[in-house]
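This report concerns only the one structure given below.
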Amino acid sequence: MTTTAEPVRPAGSAHTPKLRADASRNRERIVLAARDAFVEHGADAPLDEIAKRAGVGNATLYRNFPDRVALIREVAVLVKNRVLALAETATAEADAPDGGGPFDALQRFAHASVGEKVGGLCTLFSNHVDPYDPELTEIRERLQAAVGGLMERARAADELRSDVDHGDLFIAMSQLTRPLPNTSCRLLDEFVHRHLQIFLDGLRAPARSALPGRAATFEDFQPQN
């Protein structure tokens, strides 16, 4: 997949100084606006439109991100870090006396995570982000450990059926947040939590049926050499 070439602005010093609070907020607004624009329009979403959505000028966008590829990578880092933070929060809640148990924590993680619209970004990340990027690899490994541990807690408590794995959960969240052709993204948002809960109810133990095939794991999504 190719994208429209755009001029590259100077990236500045290799050692980025610590951003002021207002500059940091601007940067996050740009990345969140880019996330939503890329979900709606794909990799060729106009950068001018992203700046407008973020409430900043074009110069501010280019000062933070010298080109489209740098912006896409930052979207990947931000989204994956936010999902990781949700998983680690859910793990802490699962161990808390008033947390409602590990399956409830797993449900809260799933419902919060779909807000990051990962399904709508899968193709973007696959085509434009280095799968061996060290920072993203570290985030992925931590996420695997957190979600895998959370599901093991739910399984040990006899709350999660035995024939599913973390890959099954991520496939469902990805599919449910992938925009359908010729439909509005906002229409999808209206129903995603409803359909996610139907799926989560199917993960509960005891199992109501035997599942075909095998459980999906994180290893199924690793880059292939």
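Atom set for the values below is all heavy atoms of this structure, side chains included, hydrogens, waters and symmetry mates excluded. Along the sequence shown, residues carry numbers from 1.
- Two residues are said to be in side-chain contact when any heavy atoms from C-beta on lie closer than 4.5 Å; Arg35 and Glu116 meet this criterion.
- For Arg68 against Ala43, the heavy-atom pair with the smallest separation is NH1-O, 2.6 Å.
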Does the pair Met173 and Arg178 meet the rule for a side-chain contact (heavy atoms from CB on, under 4.5 Å), with working shown? CA-CA 9 Å; Met173 293 194 299; Arg178 189 184 301 273; over 6 Å; no
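- Considering every non-hydrogen atom in both Leu121 and Phe38, the closest pair reads CD2-CB, 4.0 Å.
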Could you check Val69 against His128 for side-chain contact (heavy atoms from CB on, under 4.5 Å), going step by step and ending with a plain yes or no? CA-CA 7 Å; Val69 173; His128 301 284; 5.7 Å; no
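- Nearest approach of Ala76 to Val129, heavy atoms of both residues: CB-CG2, 4.2 Å.
- Here Ala146 pairs with Ala87, Glu88, Thr91 under the side chain to side chain contact (heavy atoms under 4.5 Å, CB included) rule; sequence neighbours left out.
- Although no hydrogens or angles enter the test, the distance criterion places no donor-acceptor pair under 3.5 Å between the side chain of Arg208 and the main chain of Gly202.
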Is there a side-chain contact (heavy atoms from CB on, under 4.5 Å) between Phe170 and Val118 once you walk through the steps? CA-CA 9 Å; Phe170 276 88; Val118 173; over 6 Å; no
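- Using a 4.0 Å cut-off between charged side-chain N and carboxylate O, Glu159 and Arg153 make no salt bridge.
- Counting only distance, with no hydrogens or angles, the side chain of Thr177 and the backbone of Lys117 share no donor-acceptor pair below 3.5 Å.
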Give the C-alpha distance, both sets of side-chain angles, the deciding distance and a yes or no for side-chain contact (heavy atoms from CB on, under 4.5 Å) between Val75 and Leu32. CA-CA 7 Å; Val75 170; Leu32 290 174; over 6 Å; no
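- Considering OG1 of Thr217 and CG of Asp165, their distance stands at 6.0 Å, rounded to 0.5 Å.
- Tyr62 has its side chain within reach of Leu47: a pair of non-hydrogen atoms, C-beta onward, lies under 4.5 Å apart.
- For the atom pair NE2 (His195) and CG (Leu200), the distance works out to 13.0 Å, reported to the nearest 0.5 Å.
- Between Ile30 and Phe65 the shortest heavy-atom distance is CG2-CE1, 3.6 Å.
- Scanning all heavy atoms of the two residues, the minimum distance from Asp158 to Ala205 falls at O-CB, 3.6 Å.
- When each of Lys80, Arg73, Arg140, Arg142 is tested with Glu135 by the rule salt bridge (charged side-chain N to carboxylate O under 4.0 Å, His left out), just one qualifies, namely Arg73.
- To the nearest 0.5 Å, atom CG of residue Leu136 and atom CG of residue Asp130 are 8.0 Å apart.
- One side chain, Thr60 or Arg63, offers a donor N or O that lies under 3.5 Å from an acceptor on the other.
- The closest donor-acceptor contact from the side chain of Arg82 to the backbone of Ser113 lies at 3.5 Å or more, if one exists at all.
- A salt bridge is defined here as a Lys NZ or Arg NE, NH1 or NH2 lying under 4.0 Å from an Asp or Glu carboxylate O, and Arg108 with Glu93 meets this definition.
- The shortest non-hydrogen separation linking Leu86 to Phe109 is C-CD1, 3.7 Å.
- Rounding to the nearest 0.5 Å places CG of Leu61 at 14.5 Å from NZ of Lys52.
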Trace of the salt bridge (charged side-chain N to carboxylate O under 4.0 Å, His left out) decision for Asp36 with Arg53: CA-CA 9 Å; Asp36 294 345; Arg53 289 186 183 210; 5.2 Å; no
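- Leu196 has its side chain out of reach of Gln107: every pair of non-hydrogen atoms, C-beta onward, lies at least 4.5 Å apart.
- Glu49 CD to Asn58 CG: the interatomic distance, rounded to the nearest 0.5 Å, is 10.5 Å.
- Ile198 and Leu169 are not part of a single hydrophobic cluster, where members link through side-chain heavy atoms under 4.5 Å apart.
- No salt bridge links Arg25 with Glu28; every basic N to acidic carboxylate O contact stays at or beyond 4.0 Å.
- Counting only distance, with no hydrogens or angles, the side chain of Asp168 and the backbone of Ala215 share no donor-acceptor pair below 3.5 Å.
- Asn127 CG to Ile72 CD1: the interatomic distance, rounded to the nearest 0.5 Å, is 9.5 Å.
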